[in-house]
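Reviewing the structure listed below.
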Amino acid sequence: MAFDPAAALAAIKARDAYRQRRIVEGPQDVDLVVEGRRVVNFCSNDYLGLANHPAVLETFRRGVDRWGAGSGASHLVCGHSAAHHALEQELAEFTGRPRALLFSTGYMANLGVISALAGRGDAVFQDRLNHASLLDGGLLSGARFQRYPHADARALEAALAESRAETRLVVTDGVFSMDGDLAPLPDIARVARSGGAWLMVDDAHGLGVLGEGGRGTLEHFGLGETDVPVLMGTLGKALGTFGAFVAGSEDLVEYLIQRARTYVYTTALPPAVAEATRASLLVVREEPERRERLHGNVRRFREGAESLGLKLGELVGPIQPLVIGANSDSLEASRRLGERGFLVSAIRPPTVPEGTARLRITLTASHTGEQIDGLLDALAGAVRREA
Ligand SMILES: *Cc1c(COP(=O)(O)O)cnc(C)c1O
């Protein structure tokens, strides 16, 4: 029997799990025009407002004049430009590692790195709530694949002690993308090291945001390359552009250039995107006030939510989800917020576990106090108190 997409769609709809795209009609910003309506955007990952920063845009335009639109080939053929190379060096310097390697997306970086570092006969250990791209990388690797309970270093320690695999790789998000909490990295790093495993951290939501210098979750915890030999970051979130990178030792990067299939067999990013990202990285370094504004906004939101009796986790970053439970209730809350002019997406399974549908609220440096207070006011009406 052939696959029946209509029946599959009907089943998705019956679970209130059907997802639709909204058409955005202007640049990515806090004030967004969506399908003809102005809304205040509380679901973007553009945490520092760099997707629309004048210096980033200007550098992007000059990049197009200098490099044209596309890269023309993969990095190993003839697509690796001086713009890519300079960005790699600057990312290495920023993360305090000998080398960095650009990938075209974070999804591809994770697939490529995990499947290059582990294979049949090896073991990969992952936090249950890791990003889908990490889990997919683990499956693709063909290694024995074990998920440990969320943020549970002791469970990881026990799993490592039981493993007989010679090569072990532990993989975790730095900041969990749908929960907003931090991995207990000092404990995870210690356990990984004593369990003879390599540690890879995906810092998609920490980079640019956490730590004094915006160097991410590792800086927040004071960890370095010996604790976390494989560091992955994305460029499409706080850095406001597109792409991803992996940073680590000289040998790690050279090995990935040889063996990471999602690096070898894909077209390099447009060089102009690399140039724009160099400008973003400079802003991350030179405008720490953006990070301060972001953290001030997070504080204002949390204080307001607390006085409304809304239950948020103990979260320090820009992702402040409000768990609702049922898919239909989260959709209804998101719809009510939309009526009041606030864009907050309802995140449902399979992105999050069954029964934990949520409003994923994200704060950025660009929100005003008034917009945050407005959201809180709308939340008071849209969400039942026990949420
Ligand atoms: C967004 C994200 C990715 C994927 O990065 P893209 O560049 O968007 O493909 C990977 N890991 C985490 C934790 C993410 O949040």
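Start at 1 and go down the list; that is how both ligands and their atoms are numbered.
- F176 has its ring centre less than 6.0 Å from the ring centre of H150.
- At distances below 3.5 Å, not a single donor-acceptor pair connects side-chain atoms of R144 with backbone N or O atoms of A123.
- A heavy-atom distance below 4.5 Å is not found between the side chains of T234 and L207.
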Item to check | Chi angles and distances behind the salt bridge (charged side-chain N to carboxylate O under 4.0 Å, His left out) call for R62, E275 | outcome: CA-CA 9 Å; R62 274 191 280 117; E275 292 286 19; over 6 Å; no
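- Although no hydrogens or angles enter the test, the distance criterion places a donor-acceptor pair under 3.5 Å between the side chain of S104 and the main chain of T267.
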Pairs of nitrogen or oxygen atoms, one from ligand 1 and one from the protein, closer than 3.5 Å: please tabulate them with distances.
| residue | atom | partner | partner atom | Å |
| --- | --- | --- | --- | --- |
| ligand 1 | 7 (O) | G106 | N | 2.7 |
| ligand 1 | 9 (O) | G106 | N | 3.1 |
| ligand 1 | 9 (O) | Y107 | N | 2.9 |
| ligand 1 | 11 (N) | H131 | ND1 | 3.4 |
| ligand 1 | 11 (N) | D202 | OD2 | 2.5 |
| ligand 1 | 15 (O) | H205 | NE2 | 2.6 |
| ligand 1 | 15 (O) | K237 | NZ | 2.7 |

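- Residue R335 places its CZ atom among more than 12 non-hydrogen atoms of other residues, nucleotides or ligands, all under 6.0 Å distant.
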